[in-house]
Amino acid sequence: MSINVGVGVSSGDDSYLAGTNACQEAISALPQGTQADLVIVFSSVKYNQEEVISGVRAVSGESRLIGASSAGEITTSGPAKANSVAVMVISAPEIKFSTSVSQMAPDATEAGRSIARGIKEKAGDDLKMLIMFPDVLSGNGADVVRGALEILGKHFPMVGGAPGDDFQFKKTYQYLNDRVHSGSVAALGLSGDIKMGIGVRHGWTPVGLSKKITRSKGAILYEIDNKPAIDLYKDYLGVEEALKLEETLATLAVMYPLGMSVSGSDELLLRFPITANKDGSLTCAAEVPEGSEVRLMIGDIENAILGSKEATRMAMRELGDAKPKAVIVFNCIARKKLFGSRAGEEIDAIKEVVGENVPLIGFYTYGEQAPMGGEVADVMKCNTKFHNETAVILVLGE
């Protein structure tokens, strides 16, 4: 088995050229004459999305392509300093790549089932992993995960990220081969002779006692311990600070998300409160099931960087004796907001573990999916969930 990988990134004002130049840089890193089997693209919505993909395809030809719009692009050189197009090309003859796409509306759970069926029909019983890009502005990301697991089995490993739109929260895009979609979930299945490791960590620390979600519906959290959800923040941070949550996507929510207990995992599943509502409820970035135990979390830059470093160590442990050949990072936009000008330190921490020169691509997401503990070696422990404010690291090896 031989895996060859290249990464490219390009900016500028011309959408077509940004796609062309990024893909050309990536392909130039492959051995001469090597054909890319897979092209991964992440792009700012600053660009005309169709022209970006046309530019990439002008260089990559008919190679299978998948990707999404982002809230920031990441490559081996670190987070993009400006809006850009990032491309990874992979030549891996021993790996089979299968793709599928489905509309999120009107039923996100059925969208998950649909893409899983589509991938399974093409890959057969040899399917090892699914990478998904669900548009969470059009449906519940947790429902997509749930639907896919209904078809693939409750312990099936999945990773991926929700596409972004440069923190505008208006419209995101999903790429599949020659087409640009919106309101969809695009998915990639990997089968064949593949070695991989997954790492998942956030680095936020719980404070105070565990409390119970006593009333919720979907992503709206109405009551905690029979009191308005906003009271949790008032109790710990004071009324004046808590009212800052009425500002959509407040910095306070980045620092102080909610952590939900998940059966069989020591890691708390983070939920990002998008905004506080007039009735005292909180609208979160993903579902908050009634009856769940929840705690207030506190984040800081140092611990968040350590979380990403530990996630990478976890992925490398899962990879075993294989040599890392490519890294794909799905990293929440809330983490980028927390890090600010120090965002590059997180990527440096990942490279310190996996290797400075291992090709790396990633993007800042509106949510992530991954097994709670990154389990792929002991698949019966695999418990894939939809996450917020979390770093997900996928390492492919040989």
Side-chain angles (χ1 to χ4, degrees), residues 102-116 130 132-151 154 156 158-164 169 172 183-185 200 202 204 210-225 228-230 232-233 245 248-249 253-254 256-265 267-277 279-297 330 332-334 365-372 383-390 392:
S102 180
Q103 286 294 117
M104 291 284 284
D107 186 339
T109 304
E110 180 54 36
R113 295 188 194 107
S114 176
I115 59 159
L130 194 68
M132 294 199 305
F133 302 100
D135 180 0
V136 297
L137 301 186
S138 302
N140 188 331
D143 284 343
V144 178
V145 170
R146 189 176 296 111
L149 291 176
E150 286 180 17
I151 303 301
K154 66 179 183 178
F156 193 83
M158 295 188 291
V159 297
F169 293 87
T172 74
S184 303
V185 51
V200 187
H202 50 69
W204 270 246
S210 179
K211 298 178 181 293
K212 190 173 185 178
I213 297 176
T214 47
R215 189 161 75 94
S216 67
K217 183 178 181 181
I220 302 178
L221 174 52
Y222 291 101
E223 294 181 357
I224 299 173
D225 279 356
I230 189 67
L232 177 66
Y233 287 89
L245 286 170
T248 302
L249 304 167
V254 173
Y256 299 97
L258 300 172
M260 294 193 306
S261 298
V262 175
S263 177
S265 175
E267 181 87 333
L268 294 177
L269 185 64
L270 293 193
R271 286 294 178 256
F272 179 49
I274 295 175
T275 187
N277 306 309
D279 61 359
S281 66
L282 299 171
T283 299
C284 298
E287 68 174 3
V288 280
E290 203 166 280
S292 300
E293 296 292 323
V294 66
R295 298 176 73 177
L296 187 68
M297 309 292 285
F330 307 98
C332 186
I333 181 59
T365 73
Y366 288 170
E368 311 76 50
Q369 58 265 352
M372 286 296 296
N383 184 15
T384 298
K385 296 289 184 182
F386 189 84
H387 303 252
N388 293 145
E389 302 198 32
T390 298
V392 174

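We use all heavy atoms of the structure for the numbers below, so side chains are in, but hydrogens, waters and symmetry mates are not. Residue numbers count from 1 along this sequence.
- The minimum heavy-atom distance between Val254 and Ala334, with the atom names listed, is CG1-O, 3.2 Å.
- The minimum heavy-atom distance linking Ala111 with Met104 is given by the pair CB-CA, 4.0 Å.
- For Ala276, the side-chain contact (heavy atoms from CB on, under 4.5 Å) test picks out Ile230, Leu245, Glu246, Leu282, with sequence neighbours left out.
- For Glu110, the salt bridge (charged side-chain N to carboxylate O under 4.0 Å, His left out) partners are Arg113, Arg117, not counting sequence neighbours.
- From Met297, atom CE reaches atom CG of Leu268 across 4.5 Å, with rounding to the nearest 0.5 Å.
- Within the 4.5 Å cutoff, the side chain of Lys385 has heavy atoms near those of the Val262 side chain.
- Closest non-hydrogen pair, Thr384 versus Met158, comes out as OG1-N, 3.4 Å.
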Item to complete: Determine, stepwise, if the pair Met132 / Val144 fulfils side chain to side chain contact (heavy atoms under 4.5 Å, CB included).
Response: CA-CA 9 Å; Met132 294 199 305; Val144 178; 3.8 Å; yes
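- The distance from atom CD1 of Ile220 to atom SG of Cys284, rounded to the nearest 0.5 Å, is 9.5 Å.
- Side-chain atoms of Asn383 do not come within 3.5 Å of backbone N or O of Pro371 as any donor-acceptor pair.
- Taking CG of Leu296 as the start and CG of Leu258 as the end, the distance is 6.5 Å to the nearest 0.5 Å.
- Applying the salt bridge (charged side-chain N to carboxylate O under 4.0 Å, His left out) rule to Glu293 yields no partners; only residues at least two apart in sequence or on another chain are considered.
- To the nearest 0.5 angstrom, Ser292 atom OG is 5.0 Å from Met260 atom CE.
- The structure places OH of Tyr233 at 7.5 Å from CD1 of Ile224, a figure rounded to the nearest 0.5 Å.
- In this structure a side-chain-to-backbone donor-acceptor pair under 3.5 Å is present from Thr390 to Asn388.
- A side-chain donor-acceptor contact under 3.5 Å links Asp279 to the backbone of Ser281.
- Under the rule for a side-chain contact (heavy atoms from CB on, under 4.5 Å), the partners of Ser216 that lie at least two apart in sequence or sit in another chain are Ile213, Leu221, Val288, Glu290.
- Using a distance-only test at 3.5 Å, with no hydrogens or angles considered, no donor-acceptor pair links the side chain of His387 to the main chain of Cys332.
- For the pair Glu389 (side chain) and Pro257 (backbone), a donor-acceptor distance under 3.5 Å is absent.
- With sequence neighbours left out, Val136 forms a side-chain contact (heavy atoms from CB on, under 4.5 Å) with Ala162, Tyr366, Phe386.
- When every heavy atom of Phe330 is checked against every heavy atom of Glu368, the shortest pair comes out as O-CG, 3.8 Å.
- Residues forming a salt bridge (charged side-chain N to carboxylate O under 4.0 Å, His left out) with Arg146 (at least two apart in sequence, or on another chain): Asp143, Glu287.
- The two residues Gln369 and Gly161 have their closest heavy-atom pair at NE2-N, 3.5 Å.
- The OG1 atom of Thr283 sits 8.0 Å away from the OH atom of Tyr222 when rounded to the nearest 0.5 Å.
- Minimum interatomic distance between Gly183 and Ser138 (heavy atoms only, all atoms of both residues): CA-OG, 3.3 Å.
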